[in-house]
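Counting from 1, the numbers follow the sequence of the chain as shown.
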Amino acid sequence: MSLEAIEKVTQAEKEARERLAAAEAEAKQMVAGAEKEGQALLQRQRSAGAEAGRELLRQAEERAAAAAEKTAQAAQAEAAGLRKAAEERLEAAAEFIVGRVVSN
């Protein structure tokens, strides 16, 4: 083989090594970029999930407060009805007691 041919082969091998090194560096950059984008996406999804969880909790608390208010109103209405019934029977009960006490 001539000296010129050996130099061409050596030059070609050198260029191939340089291209391979450049390709490896680019691949590493692409992987690092993809990992960075993936981490950012994961963080955004976690934040969105946390926000959705807070919203669901807020809605549940609103429903619970509304149910508690409804129950309290029903209890107040029942108490008012019982109070009215007791007041209506109070005079009759007092007369009954007085009648029992006087007759004894």
Side-chain angles (χ1 to χ4, degrees):
M1 200 189 261
S2 72
L3 183 60
E4 188 177 309
I6 293 174
E7 287 177 357
K8 283 184 179 182
V9 169
T10 304
Q11 182 64 30
E13 288 175 345
K14 180 182 173 187
E15 289 174 1
R17 282 192 300 271
E18 289 173 355
R19 281 193 297 245
L20 179 61
E24 287 175 349
E26 185 179 354
K28 285 180 183 179
Q29 286 179 340
M30 290 174 69
V31 168
E35 286 178 356
K36 186 176 178 181
E37 288 178 19
Q39 289 295 329
L41 178 60
L42 180 61
Q43 184 59 38
R44 286 193 302 271
Q45 291 301 321
R46 284 181 178 161
S47 295
E51 180 61 33
R54 284 190 292 273
E55 177 61 21
L56 288 173
L57 180 60
R58 185 192 64 75
Q59 290 174 2
E61 287 173 344
E62 284 180 0
R63 288 192 301 273
E69 179 64 26
K70 185 177 179 181
T71 301
Q73 288 175 353
Q76 287 176 350
E78 185 177 350
L82 291 173
R83 191 177 309 111
K84 183 177 179 185
E87 287 172 357
E88 290 173 355
R89 293 183 186 145
L90 181 63
E91 190 174 323
E95 288 178 13
F96 176 76
I97 292 170
V98 168
R100 295 281 300 220
V101 170
V102 172
S103 66
N104 283 334

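A donor-acceptor contact under 3.5 angstrom links the side chains of Glu69 and Gln73, judged on distance only. With 3.5 Å as the limit, one finds a donor-acceptor pair spanning the side chains of Glu15 and Gln11.
The side-chain heavy atoms of Gln39 and Leu42, taken from C-beta on, include a pair separated by under 4.5 Å. Using a 4.5 Å heavy-atom threshold, the side chains of Glu37 and Leu41 count as separate.
Glu55 CD: more than 12 foreign heavy atoms inside a 6.0 Å radius.
Here CD of Glu7 is found 12.0 Å from NZ of Lys14. Values are rounded to the nearest 0.5 Å. In this structure, the separation between CG on Leu57 and CD on Glu62 is 10.5 Å, given to the nearest 0.5 Å.
A salt bridge is absent between Arg58 and Glu61; no separation between the charged side-chain nitrogens and carboxylate oxygens falls under 4.0 Å.
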Pair Arg54, Glu51 - check salt bridge (charged side-chain N to carboxylate O under 4.0 Å, His left out), show working.
CA-CA 5 Å; Arg54 284 190 292 273; Glu51 180 61 33; 2.9 Å; yes
